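Everything quoted here is computed from the prediction, not taken from an experiment. Computed from heavy atoms alone, side chains included, the values below leave out hydrogens, waters and symmetry copies.
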Number of protein chains: 2
Amino acid sequence: MPHQPTIHAVAEAAQVSIATVSYALAGKGNMSNATRERVLAVAAELGYAPNRIASALRHRRSHVIGLVNDTISTTPFAGHVLLGANTAASQAGLVVMTMSTNDEPDTEDRDFEILRSYQVDGIIYAKMFHQEITVPPALLKLPSVIVDAAPSTRERPAIVPDEEQIGATATSYLLDHGHRDIVHLGIDANLPSSRGRRKAYESVMRAAGATPRVVHGESNAQGGYDATLRALRDGPATALFCFNDQMGMGAYAAAATLGLDIPRDLSVVGVDNLELVAAALRPGLTTLRLPHYEMGVWAVEELARQMDRDPSPADQFETLAIACPLVERESVARRT
Amino acid sequence: MPHQPTIHAVAEAAQVSIATVSYALAGKGNMSNATRERVLAVAAELGYAPNRIASALRHRRSHVIGLVNDTISTTPFAGHVLLGANTAASQAGLVVMTMSTNDEPDTEDRDFEILRSYQVDGIIYAKMFHQEITVPPALLKLPSVIVDAAPSTRERPAIVPDEEQIGATATSYLLDHGHRDIVHLGIDANLPSSRGRRKAYESVMRAAGATPRVVHGESNAQGGYDATLRALRDGPATALFCFNDQMGMGAYAAAATLGLDIPRDLSVVGVDNLELVAAALRPGLTTLRLPHYEMGVWAVEELARQMDRDPSPADQFETLAIACPLVERESVARRT
DNA sequence: CTGTTAGCGCTTTCAG
DNA sequence: CTGAAAGCGCTAACAG
């Protein structure tokens, strides 16, 4: 492949020393404007771009950050984190190196090792759904942040969706639309998401003088279908707050089976805002968007802060809970 | 942050010269096994990992490849390409640097520049749906491959889904199940995918002595809904071959509206295998999977080949069409 | 079998 | 205002 021009080539072509070229490009140093312009022109002419690998070696700053997540597929979540991270990185003059450990812890450690050997300035450690973790020791060797997982210690900053806000917002929204018989389609697993959403649902219901009722199901369409059937069989329900959009999709199918019209006979709220599902359903599914993009952005910004205040070894960090916006579509009707 | 140990530190600790350490780690050179083991042990002890940035500077080989795509979100496609690329890269001792140009051509050029300044050994240029492109000039300056887009020149190798095979497989599958009145729900846009699938559909139908009928709609659920209504109104149809799963989802909704049972009254085949949709629909949607993962894998393998045979400047490359497997679920019934 | 050394491309101090 | 030179961490040719 054609070699890229080096700083030497530019210096020679511009009839100056390499130091001058370096200064001119960095906008530093004192030199005649004429010289500066000439150097810049020559550099542009030759298509010169500094070798950032050499510069990183010198500076001990690569301007590369690593992003490792358990798996980049099946859901658009990872995509949004990545997109957010990439966008923010561009802004900050950084570049992202991605690694996907297929959720194997040894791969994970190897990946941290590799990233470190590339001298990344920091690492974003992202999980694909909100969970509790212990921070991998390798992360403590350099600036790092955690996305969509809550570390059990305060060793590193983290950001997660605000699960209680999700539950509260969804429930209030239905209450505000005049519903009283709102049942929550929850899941069995003991996760921050299931606990938080349920807890907020229950307390908002009680605060409004309504009676909470939770029906459990698998966290997929089939589970939503089954749970909806049970919910409707076992008591009155004019609205469903589903753990996620997939279950909401199942609720639609169950409603169809029962000859119920959404939203006239049954209102539904989901969580996730899976565009592919929520926007495609008829009527569109009102849901709460998980702020993966924003978490990606926050992660690089926080990392950047951590990078240049060169954190004191035993800092204490917060786990931020970030609000999830409601995305209104047509699946909720006002009850009069 | 704690400095990583350098090769000097290891040499000192092991009481040898840095060259010996380098050799020991590389498994090269001649030295006593005792020395080698000791060096290795010391290195492990100190948690030493070679600075790959220094090594890249020396070798003029970074073992980093760049991946730029128009947008990493909304669809799981990009995720699968990335995952494939990452997995194959790990295998090959490479690492991936991702960039997402939000489809802005200037961002794109800047991204190529940045990747080159990081001395990437090659670039994967991925589009998020099959289209025709002219290869960006910046890509010709280094090894590169194109994913999910067909370059109008043969300057670089590319890989795309085999659109005609998709049309042929879907159609034959329905024919084999005894259907004759198969209508194709197509889209208006003039794309390789719409053209190829339609063309194969028509010729397979004719070859079987059946009459092709195409109904157009928007490429989303609403479009599929509308198109299905029209298809069923304007003529006989026992099966639908939909341009994508989203339209298939619309077909389900239309069938429900008309009181038609899938698959008893109407069989449906989609394309994309959007897990979130196809597996969640009731009954599960039979569809063809777009091999994004495999394209990602192929891309790094092809890149690796290109990297070490150091391609002659004016090579001619092929655009590969890769087969898309049928994913059978329950949306197709045998017609007797 | 082991050590010395030049140099990858860049930045920056220090002399001129 | 400009240039020479040291050195970031590593590799590999060469000398011992």
> Can you tell me how far P of D:dT11 sits from CZ of B:Arg61, to the nearest Å?
Replying inline: 15 Å

>> Measuring from the side chain of A:Tyr48 (C-beta onward, heavy atoms only), which nucleotide among D:dG9, C:dC10, D:dT2 has the closest atom?
In response: C:dC10

> Can you check the B:Leu57 CG to C:dG7 P distance for me, whole Å?
Replying inline: 14 Å

> Does a donor on one side chain and an acceptor on the other come within less than 3.5 Å for A:Ser152 and A:Thr134?
Replying inline: no

>> Just the rounded figure in Å: distance from C1' of D:dG9 to CZ of A:Arg116.
In response: 15 Å

>> When you measure from the side chain of A:Asp109 to the backbone of A:Ala138, do you find a donor-acceptor pair of N or O atoms at a distance under 3.5 Å?
In response: no

>> Can you confirm whether A:Gln119 sits close enough to A:Val64 that some side-chain heavy atom of one is under 4.5 Å from a side-chain heavy atom of the other?
In response: no

> Base, sugar-phosphate, or nothing for A:Ser22, non-hydrogen atoms under 4.0 angstrom?
Replying inline: base

> Which of the following nucleotides, D:dG7, D:dA4, D:dA12, is nearest to the side chain of B:Arg58?
Replying inline: D:dA12

> Starting at CZ of A:Arg52 and ending at C1' of C:dT11, how long is that distance when rounded to a whole Å?
Replying inline: 15 Å

>> If the cut-off is 4.0 Å, is B:Thr20 near the phosphate of C:dG3, judged by side-chain N/O to OP1 or OP2?
In response: yes

> Looking at B:Ser55, does any N or O in its side chain come under 4.0 Å of the phosphate oxygens OP1/OP2 on D:dC10?
Replying inline: no

>> Any side-chain N or O of A:Thr35 below 4.0 angstrom from OP1/OP2 of D:dT2?
In response: yes

>> For a quick check under 3.5 Å, do B:Ser17 and B:Thr20 share a side-chain donor-acceptor pair by atom type?
In response: yes

>> I need the CD1-P distance between B:Ile7 and D:dG9, as an integer number of Å.
In response: 11 Å

> More 5' along DNA chain C: A:Leu25 or B:Gln15, using each one's nearest nucleotide?
Replying inline: B:Gln15

> For DNA chain D, whose closest nucleotide is more 5', that of B:Ile18 or that of A:Ala54?
Replying inline: A:Ala54

> Please give, in whole Å, the distance from C:dC10 P to A:Asn51 CG?
Replying inline: 5 Å

> Any side-chain N or O of B:His8 less than 4.0 Å from the OP1 or OP2 oxygen of D:dC8?
Replying inline: no

> Please give, in whole Å, the distance from D:dA12 P to B:Tyr23 OH?
Replying inline: 7 Å

> Does the pair A:Glu113/A:Arg110 count as a salt bridge with the N-to-O cut at 4.0 Å?
Replying inline: no

> Roughly how many Å is it from CD in B:Gln119 to P in C:dG9, rounded to a whole number?
Replying inline: 9 Å

>> So B:Arg60, base contact, sugar-phosphate only, or nothing? Heavy-atom distance under 4.0 Å.
In response: sugar-phosphate

